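Note sheet for the following structure.
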Amino acid sequence: MSSNSLALGRQLGSLSLYAKVAAHEARLQDGVVRTQCGLCAALTRRAPGARVRIASDGTLHINVSVVVRYGMDPRAVTAAVQKAVLGGVGRIADRPVGAVNVLVSGFELARPLRRLYDKGGAQ
C-alpha cells in the first residue's frame with residue numbers, strides 16, 4: 001500500500017436494510033397486495049415482511065411473505081418476486097444472495113373502486 005492511499009475499511013449493510021429492500025421490491029410486483037408480517041413483527045412494527053439471515057456458507061438467505069391478489073397465478077407472482085428481490089438486494093449487498101424463498105400467506109380480493117359523483121348527482 002502506498003503512503004498516499006487511504007484505507008477506508010469495509011462498507012457493510014445491515015440485515016434489516018436488506019430486509020427492507022427485499023420487501024420493497026416484492027411490493028412493486030404485479031399481483032402482490034402487500035407483504036405479510038408475523039405477529040411479533042406486527043407488534044414491534046419493525047419487520048417489513050421479509051427476513052434475512054446469513055447462512056453458514058456466508059450467503060444471504062431471504063424469506064419474503066406476501067399476500068397475492070385473488071385471481072393471479074401465485075407461481076408467476078412468486079417467480080417475479082424472487083427475481084426482483086434477487087436483483088434489488090444483489091445490487092446493494094456486500095455478499096452473494098444464496099436463496100430467496102417466497103411464501104404466499106394469503107389471497108385478497110381487489111378493493112372496489114369508489115365512484116365519484118358530481119355535486120348535483122345522487123349520493
Side-chain angles (χ1 to χ4, degrees):
M1 183 181 244
S2 67
S3 61
N4 59 357
S5 65
L6 179 63
L8 297 176
R10 294 183 62 189
Q11 296 175 344
L12 301 174
S14 87
L15 295 181
S16 64
L17 173 67
Y18 301 150
K20 289 176 186 175
V21 170
H24 176 73
E25 291 291 337
R27 285 190 297 268
L28 291 177
Q29 301 312 304
D30 188 37
V32 174
V33 177
R34 66 179 181 277
T35 54
Q36 184 72 34
C37 300
L39 178 61
C40 294
L43 294 176
T44 62
R45 296 179 181 256
R46 287 188 161 193
R51 295 187 63 184
V52 179
R53 67 178 180 86
I54 299 175
S56 59
D57 61 354
T59 60
L60 296 174
H61 285 221
I62 304 168
N63 296 326
V64 182
S65 180
V66 296
V67 175
V68 175
R69 183 178 301 116
Y70 183 77
M72 298 291 291
D73 180 14
R75 291 172 300 207
V77 173
T78 55
V81 168
Q82 281 181 318
K83 185 176 178 182
V85 168
L86 179 64
V89 174
R91 281 192 298 273
I92 66 165
D94 60 337
R95 58 185 71 227
V97 177
V100 177
N101 303 310
V102 181
L103 169 69
V104 176
S105 61
F107 291 94
E108 189 171 296
L109 295 172
R111 294 183 179 165
L113 297 174
R114 293 182 181 175
R115 294 185 177 230
L116 299 176
Y117 293 102
D118 294 332
K119 287 185 177 181
Q123 293 187 13

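Everything numeric here is computed off the predicted structure, so don't read it as measured data. For the single chain, residues carry numbers from 1 onward in sequence order.
A search for side chain to side chain contact (heavy atoms under 4.5 Å, CB included) contacts involving Leu28 returns His24, Glu25, not counting sequence neighbours. Residues passing the salt bridge (Lys or Arg N to Asp or Glu O under 4.0 Å) test with Arg69 are Asp30, sequence neighbours excluded. Judged as a side chain to side chain contact (heavy atoms under 4.5 Å, CB included), and not counting sequence neighbours, the contacts of Gln82 are Val100, Val102. Residues passing the side chain to side chain contact (heavy atoms under 4.5 Å, CB included) test with Phe107 are Val68, Tyr70, Pro74, Val104, sequence neighbours excluded.
Val33 is not connected to Val77 by any chain of hydrophobic side-chain contacts under 4.5 Å among Ile, Leu, Val, Met, Phe, Trp and Tyr, and they are in different clusters. Residues Val21 and Ile54 are members of one and the same hydrophobic cluster, defined by side-chain heavy-atom contacts under 4.5 angstrom among Ile, Leu, Val, Met, Phe, Trp and Tyr.
The minimum heavy-atom distance between Val64 and Ala50, with the atom names listed, is CG2-CB, 4.1 Å. Listed here is the closest heavy atom pair of Ile92 and Tyr18: CD1-CD2, 3.9 Å. Scanning both residues, Arg53 and Leu15, for their nearest heavy atoms gives CA-CD1, 4.5 Å.
Judged as a salt bridge (Lys or Arg N to Asp or Glu O under 4.0 Å), the pairs with a partner in residues 75-89 (not counting sequence neighbours) are, in order, Asp73-Arg75.
When side chains are defined from C-beta on, Val81 counts as touching Val32, because their heavy atoms get closer than 4.5 Å. Looking at Val66 and Ser105, their side chains never come closer than 4.5 Å, going by heavy atoms from C-beta outward.
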Ignoring hydrogens and angles, write down the donor-acceptor pairs under 3.5 Å from the side chains of residues 56-63, residues two or more places apart or on other chains.
| residue | atom | partner | partner atom | Å |
| --- | --- | --- | --- | --- |
| Asp57 | OD1 | Thr59 | N | 3.2 |
| Asp57 | OD1 | Thr59 | OG1 | 2.8 |
| Thr59 | OG1 | His61 | NE2 | 3.3 |
| Asn63 | OD1 | Asn101 | ND2 | 2.9 |

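Side-chain atoms of Thr35 do not come within 3.5 Å of backbone N or O of Ala23 as any donor-acceptor pair.
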